[in-house]
Amino acid sequence: MKQLNSILEGFGSTLQLLVRTFSYIGSLPRQRARFIEQCYLIGYTTLPIVAILSFFIGAVLALQAGYSMQNFGAKQFIGSLVGLSMARELGPVMVAILLAGRVGSAITAELASMKVYQEVDALETMNIPPARMLVLPRLAAVLVMVPVLAIIADLVGWFGGAIVAKYTSFISIEPEAYFSVLRRYMKFQDVMNGLIKAETFGFGVVLVCCNIGLNTRGGPREIGAAVTRAVVVSLILILVLDYFVTKILL
Amino acid sequence: MPCSSHTRNPFTAIETPAVGVTVENLSKSFGDHVVLHDVSFSVEPGEIFVLMGPSGTGKSVLLKHIVGLEAPSSGRVLVNGHDALAKETREQVRMAMVFQSGALFNSLTVYDNLALYPREHRVSNEAGIREKVMHALQILSLEDTAQKFPSELSGGMKKRVAIARALVMEPQLMLYDEPTSELDPVMSATISEIIASLKDEYHVTTLVVSHDRDLALNIADRVGIMMDGRLIFLGTPAELREPKDAQVAGFLYPKIDLKHPRFKKLET
Amino acid sequence: MNNAQQTARVGLFFILGLALTWVTFETLSGGTLFKNKGYTLVAGFESLKELKEGDEVRMAGVKIGSVEKTRLAGRRAEAVLRIDADAKIASDATASIVMAGLIGTNYIGIDLGTAGAAPLADGAEIQTRVTPDINTIMTEIGNLGQKLEGALSAFGTTLNGDGKGGGLFQKLDKIVTDNSDRVSTTMTNLQEITTKLNKGEGTLGKLINDPALHDELIAAVAEIKSTASQAKGFITDAQGIIAQVKSGQGALGTLVYDETMANNLRVTVTNIRSVSDKLAKGEGTLGKLINDDTLYNTAQSTLKKADRALDGLGDSGPITAVGIVANSLF
């Protein structure tokens, strides 16, 4: 009962934070510098890990698909399998998970320490709403940067799959054939769906992490606990949202 | 509320009158734990009010009520006649609070810490902001620290930067939470002098929460003493020098008695 | 890291993202948005089957465009084809939906048409033809299977009966069972008859076993043979004549238009008739073979003897059994 209550409380406070943040949306042009900084942190610095991970996810997808599809002679369809899986599911989910681990945790740690060391209170007394100064630039930045990360993840994953399909002895599919099948069975709509999903996840992750950070109470010990909670809640959120967003988009 | 800060030289001409604070029957409890129990007092405009009391008696919580960070369980807090909780109050009355830890923004330099408020509220252009900030740093002799980060500063410097940051806001009401704690006696005296001189020069209403006896006796206009969530004394420093109440005397002038230590008495 | 550098990197990063999205869009949408080159044709089909937007259009196996749009138009389905500008399609070329693989890959195949035909203009409609797809083939095979099954089950019913009247096997079985006594009697009689025949008893036996009669028959047959060979020679002659008629001036045409040839033919026919008249009067070798009374009589008496022998067989009954068997069979 108590746990259910705390879950509902977390849900409610997250929504409240969202509404409050939206009410300050007009101040975004003035916060250009903060927005750019967050874009840099969320997008640019996350790119290498996204690229590496999506390359290997694409590669292993091709490998597994090739292994299991050679049994019934359908391995020429690897291109479409890797393409669709990356674009519709793995690209967005992977980007979101990386965001949760790399950006979300950092956000929570930063906001939680600001809260614990009374910096957030100081902002309140200065009549600067934390939602405006701390949350809005991050949410705006994640909205702009996540599609970029997701499309890069898709493409790098496709190339990873293509390379594995060519150089694995029991698959041996030329990149031309791989991409031709990928193109034949994919529409831009598939990629678009993936981008929408990534956008939803990224937005949710940053919002939840901000909320958990700002609601931290107690001493420095709580910062660590808040970060752990933020990452766990983010991962659950990603997978739950994944189901519902996919269902809506289908 | 007249506020033409764009033209006025910072901290000199006092156009906005100092404000008073009224606390009426304020009670606050967290769950079953009663922190404040029916506290009533008022701070007159332009005076220094020092609120004393042992640690953990709800002084900081009271302060948070005044700046509107906490909502009362019952009773109310009025700042200049407005409810402290209302959002408008914070827009109409400029309140600045100096936190115990300083609460400086660790990711910003000292200069940016001070410039944050005027920038966010678009008080003036960047040149005007620079003038204000450097003036505030100058008052507290902190010019050299402008480009440093808070982590590079000593405890006393952090407190002074926090005070400077409050000054930049051109407050009508200054609230200090334990401004001299964790400081050596000389630095404590310095901070006390700063608080008093700021009040004299800019006529700001000042509320200090502290258990620094010297500070209270030397710079306060009035002193309140809290114990276990209740206000047990309200009077002038002169009255405090000769306390009639045994409890007050015991708090202000504790005897260090090694033969009968208090912490052992507590256990029995 | 100063602000300007940070801003530049973020800007660059964002532009990279936009560029990649655009490239992906171009690739996956068949590049139809920004390079709307070429021209369109409309192909109407009864069903587009597995065809979908983005599928290739090939002419004689060479890719010349793609399916831009699929839509329903009244009572038919239409595919709008975007054709490369340099690909000219003859107005009498026909388009069909071709299966590239068993699983769902289709493309539009267009044949070359005739060389001189005018090319189709933008927005024109191309002729189409229906090709069987995997579904039709499967349906056909399904129908065939059903028919085969129906036939087999009918045959089965005939053989095994439908449960009431009894099938062929039951009937045969019944006949054999019911007449087993008679069948064995018949067999005994047959054995007796053949034994008699073998010993030269009875008329037929004598015919088979009497050497004198045998020789006489041989001589008669030899005479028939020589007569027949003469007849063969005559027929060869006639054939030669007919071949001459045929090859003379080009078969039917000569016969119809050339009067001399027709007259020759008439004469030939008359000659043939006189030959056959002579045959009928017993003149010539063949005529004697046919008309000589002695040979006729000899043959007749032989036949009569055989007749009598068969009469003896006729009373015995097995013929009835065979008749019944034949009746129930057909």
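All of these numbers come straight from a predicted model, not from anything done at the bench. All chains are named by letter (A, B, ...) in the order of the sequence lines, taking the proteins before the strands, and each is independently numbered beginning at 1.
The structure places CD of A:Q118 at 7.0 Å from CD of B:Q100, a figure rounded to the nearest 0.5 Å. Between the CG atom of A:L123 and the CZ atom of B:F105 there is a distance of 3.5 Å, given to the nearest 0.5 Å. For the atom pair B:Y117 OH and A:I128 CD1, the distance stands at 8.0 Å (nearest 0.5 Å). Going from atom OG1 of A:T125 over to atom CE of B:M95 covers 8.5 Å, rounded to the nearest 0.5 Å.
Annotation: B:R76, atom CZ; neighbour count of heavy atoms from other residues, nucleotides and ligands within 6.0 Å does not exceed 12. Atom OH of A:Y24 has more than 12 heavy atoms from other residues, nucleotides or ligands within 6.0 Å. Within 6.0 Å of the CD atom in B:E126, the count of heavy atoms belonging to other residues, nucleotides or ligands exceeds 12. Heavy atoms from other residues, nucleotides or ligands lying under 6.0 Å from CZ of A:F244 number 12 at most. Counting heavy atoms of neighbouring residues, nucleotides and ligands inside a 6.0 Å radius, atom OH of A:Y117 does not exceed 12 of them. For B:M187, the CE atom counts as densely surrounded, since its 6.0 Å shell holds more than 12 non-hydrogen atoms of other residues, nucleotides or ligands.
The shortest distance between side-chain heavy atoms of B:E120 and A:M126 does not fall below 4.5 Å. Taking 4.5 Å as the limit, some side-chain heavy atom of B:L116 sits within range of a side-chain heavy atom of A:M133.
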Next on the checklist: Evaluate A:N127 against B:H121 for side chain to side chain contact (heavy atoms under 4.5 Å, CB included), listing each step before the verdict.
Outcome noted: CA-CA 9 Å; A:N127 205 14; B:H121 292 274; 3.8 Å; yes
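A distance-only check finds no donor-acceptor pair linking the side chain of A:R30 to the backbone of B:R122 [under 3.5 Å].
Using a 4.0 Å cut-off between a side-chain N of Lys or Arg and a carboxylate O of Asp or Glu, B:R165 and A:E119 do not qualify as a salt bridge.
B:L175 does not touch chain A: none of its heavy atoms, backbone or side chain, sits under 4.5 Å away.
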